[in-house]
Engineer: 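Shown below is the structure under consideration.
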Amino acid sequence: MGSSAAPADRKIRAESFKQGVLWSVPVVLGYVPIGVAYGVLARAHGLTLMETTLMSAMVYAGSAQFIALQLLAAGSGPWQLVVAAGLVNSRHLLMSASLCRRLGRLSPLVAGVLAFGVTDETFVMASSRIPVRGKNPASDGAEGERWSPIAGAVGHVSGELAASVLGLNLASYLAWVGASAAGAILGDAALAVAGDALGFAVPAMFIGLLSLSVRGPLSAMVAALSGGLSLLIVLTVGGGWNVLLATAMAATIGTMLGDRFGSRPRQ
Amino acid sequence: MPRGELALAFLGMAAVTFVMRALPFFMLSRSKLPPWADTWLSLVAPAVMAALLLPALLVPDGRRLCIDVSNPYLIASVPTFLVAVKYKSMLLTVLTGVLFAWLALRLGSY
């Protein structure tokens with residue numbers, strides 16, 4: 001990619017970008033209501049319109065933002081928010097690792113811009129459209145193709161794919177930030193109508209995310225263990241670090257058990 | 001949290017989140033993660049959600065366990081779970097949750 005691209009190349013990339021924007025439609029449809037809910041709740045938690053929108057624009061991670069609201073309500077300090085965001089977003093390591101195997105070589109700038117837009121939803125969408133490169137039984141998949149004799153052609157395709165992912169990510173990002181701001185503006189009116197029931201939007205979202213992330217007995221066992229530990233910590237020592245401690249302990253125990261039984265959940 | 005600390009928290013959250021997203025793109029070897037790390041990371045998501053959820057549902061005041069029909073969030077969580085498992089849709093799950101929480105809060109006050 002770069003300014004040196006020939007006009008024909010640029011036209012192809014503009015088409016690929018538009019294609020990516022089309023890919024974003026289901027993601028945008030999902031982001032708008034949840035972004036609005038986030039905006040409403042952020043206002044209810046005492047954040048200003050500016051702060052509400054800024055968190056979406058800077059962090060751009062729904063579950064981490066809802067968790068931040070929950071932690072703010074519990075009186076947590078800034079470090080707890082940062083550690084929680086790191087922990088809950090560590091799953092993006094897996095998604096980015098998979099996405100960059102699909103996209104091939106990128107310039108650092110393009111890689112950085114695309115990486116910023118990796119979310120659960122954009123990743124699922126992109127990976128359903130873009131196959132892993134060089135996936136063939138003989139070569140174990142990941143690396144081979146990028147260094148093939150037709151490297152030039154592969155590089156060209158990389159640029160097109162990157163343009164599509166950029167379209168997908170940008171449209172999804174704008175929907176998230178825009179919906180957050182809209183929710184913050186609607187905030188007080190929405191609270192007057194739905195009132196206290198909106199407070200359940202956050203736990204409801206965690207229920208949704210939990211049911212999506214439990215895939216098989218090992219993750220179900222880890223979820224049960226983590227929930228139990230978290231509850232135990234809240235009831236004995238009190239809230240604060242319960243989420244981080246319970247998560248780290250349960251995921252570690254689950255990893256040890258999973259490796260022993262040889263059953264490994266695949267993302 | 002004071003306003004200045006809030007800005008600091010946003011910056012920190014943005015930085016760690018970006019690192020998690022960008023690291024694989026910039027790793028020299030681009031090699032796969034060791035299997036145990038792969039497993040650990042994939043277990044973090046269900047663990048975090050459950051750790052947040054259980055206290056929010058069962059300890060509404062942050063101190064005492066409340067497992068009975070007077071807890072509207074607990075009541076609302078039952079249909080919400082069913083919809084989440086059946087339809088795997090965030091939108092539908094959140095809408096169901098808010099609707100049933102609203103009903104439980106209204107009915108509970110009579």
Side-chain angles (χ1 to χ4, degrees), chain A residues 30 33-34 37 54-55 58-59 61 64 72 78 81-82 85-86 88-94 96-97 100 111-112 115-116 118 194 196-198 200-201 203-214 219 222-223 226-227 230-231 234 239 243 246-247 250-251 254-255 258-259 264-265 267, chain B residues 1 5-6 8-14 16-18 20-26 30 32-33 35-36 38-59 62 65 73 76-77 80-81 84-85 88-91 93-99 101-102 105:
Chain A
I34 295 170
L54 214 56
M55 175 147 64
M58 289 169 69
V59 184
L72 281 172
L81 270 69
V82 175
V88 73
N89 288 329
S90 63
R91 68 187 191 285
H92 291 135
L93 282 172
L94 295 176
S96 285
C100 82
F116 179 82
V118 173
D196 33 16
L198 270 179
F200 192 67
M205 186 173 143
F206 295 150
I207 289 174
L209 289 170
L210 179 64
S211 74
L212 287 177
S213 60
V214 169
S219 52
V222 167
S226 181
S230 172
L231 199 60
V234 166
V243 174
T247 299
T255 303
D259 282 351
R264 197 165 285 143
Q267 54 139 344
Chain B
M1 194 185 296
E5 284 188 13
L6 196 63
L8 202 70
F10 288 177
L11 271 177
M13 290 170 73
V16 295
T17 303
F18 181 69
M20 298 298 177
R21 287 168 171 163
L23 207 58
F25 282 90
F26 292 96
R30 290 192 184 226
K32 289 190 171 180
L33 293 163
W36 64 263
D38 216 73
T39 308
W40 196 86
L41 288 169
S42 71
L43 291 174
V44 164
V48 169
M49 298 312 153
L52 283 159
L53 191 59
L54 242 66
L57 293 181
L58 302 179
V59 194
L65 205 57
Y73 281 9
S77 72
T80 310
F81 257 114
V85 170
K88 302 273 176 201
S89 154
M90 287 302 301
L91 176 58
T93 304
V94 172
L95 288 178
T96 306
V98 173
L99 176 69
W102 191 85
L105 284 161

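All chains are named by letter (A, B, ...) in the order of the sequence lines, taking the proteins before the strands, and each is independently numbered beginning at 1.
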Engineer: Minimum heavy-atom separation for A/Phe116 and B/Arg21, please, with both atom names.
Structural biologist: O-NH1, 3.2 Å
Engineer: Please identify, among A/Ala64, A/Ala37, A/Ser96, the residue contributing the most non-hydrogen atom pairs under 4.5 Å to chain B.
Structural biologist: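 Option with the greatest count: A/Ser96.
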Engineer: Considering non-hydrogen atoms only, spot the tightest contact between A/Gly112 and B/Phe26 and give its length.
Structural biologist: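 Reported closest heavy-atom pair: N-CZ, 3.9 Å.
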Engineer: About how many Å separate CG of A/Leu209 and OG1 of B/Thr93, when rounded to the nearest 0.5 Å?
Structural biologist: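 Answer for the OG1-CG pair, B/Thr93 versus A/Leu209, is 9.0 Å.
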Engineer: If you look at every heavy atom in A/Ser230 and B/Pro55, which pair is closest and at what distance?
Structural biologist: OG-CG, 3.2 Å
Engineer: Kindly write out the residues that satisfy side-chain contact (heavy atoms from CB on, under 4.5 Å) with A/Phe200, not counting sequence neighbours, or none if the list is empty.
Structural biologist: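 By the side-chain contact (heavy atoms from CB on, under 4.5 Å) rule, A/Phe200 matches A/Pro203, A/Ala204, A/Ile207, B/Leu57, B/Tyr73, B/Ala76, B/Ser77, B/Thr80, B/Ala101.
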Engineer: Select one option (side chain, backbone, both, neither) describing which atoms of A/Ala61 are under 4.5 Å from chain B's heavy atoms.
Structural biologist: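 Both the backbone and the side chain of A/Ala61 come within 4.5 Å of chain B.
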Engineer: Kindly give the heavy-atom pair with the smallest separation between B/Glu5 and A/Pro78, and that separation in Å.
Structural biologist: OE1-CD, 3.2 Å
Engineer: Going by heavy atoms in the side chains, are B/Leu52 and A/Leu210 under 4.5 Å from each other?
Structural biologist: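 They are not in side-chain contact.
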Engineer: Quick one, A/Ser211 and B/Phe81 - any side-chain contact, counting heavy atoms below 4.5 Å?
Structural biologist: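 No, too far: nothing below the 4.5 Å cut-off.
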Engineer: For chain A, which candidate among B/Ala47, B/Ser89, B/Ala9 shows the most heavy-atom pairs at distances under 4.5 Å?
Structural biologist: B/Ala47
Engineer: Only pairs of heavy atoms separated by less than 4.5 Å count here; which of A/Ala85, A/Gly227, A/Ala223 has the most with chain B?
Structural biologist: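 The residue among A/Ala85, A/Gly227, A/Ala223 with the greatest pair count is A/Gly227.
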Engineer: If you round to the nearest 0.5 Å, how far is CH2 of B/Trp40 from OG1 of A/Thr255?
Structural biologist: 7.5 Å
Engineer: Please look at A/Leu72 and chain B and tell me whether the side chain, the backbone, both or neither of the residue comes under 4.5 angstrom of a heavy atom of that chain.
Structural biologist: side chain
Engineer: Counting only heavy atoms closer than 4.5 Å, note whether B/Leu58 contacts chain A via side chain, backbone, both or neither.
Structural biologist: side chain
Engineer: Could you go through the side chain to side chain contact (heavy atoms under 4.5 Å, CB included) check for B/Leu54 and A/Val234 one step at a time?
Structural biologist: CA-CA 10 Å; B/Leu54 242 66; A/Val234 166; over 6 Å; no
Engineer: Provide the closest heavy-atom pair for B/Ala22 versus A/Ala115 in the form atom of the first, atom of the second, distance.
Structural biologist: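 Nearest heavy atoms, B/Ala22 then A/Ala115: CA-CB, 3.6 Å.
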Engineer: Applying the side-chain contact (heavy atoms from CB on, under 4.5 Å) test to A/Val88, which of B/Val16, B/Val44, B/Val48, B/Thr17 qualifies?
Structural biologist: B/Val48
Engineer: How far does CE of B/Met13 sit from CG of A/Asn89, to the nearest 0.5 angstrom?
Structural biologist: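 Going from the CE atom of B/Met13 to the CG atom of A/Asn89 covers 8.0 Å.
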Engineer: For the atom pair CG (B/Leu53) and OG (A/Ser226), what is the distance rounded to the nearest 0.5 Å?
Structural biologist: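 So the gap between those two atoms works out to 10.5 Å.
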Engineer: So for B/Phe18, is it side chain, backbone, both, or neither that comes closer than 4.5 Å to the heavy atoms of chain A?
Structural biologist: side chain
Engineer: With a 4.5 angstrom heavy-atom cut-off, could you sort out which part of B/Leu6 is near chain A: side chain, backbone, both or neither?
Structural biologist: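 Looking at B/Leu6, just its side chain touches chain A.
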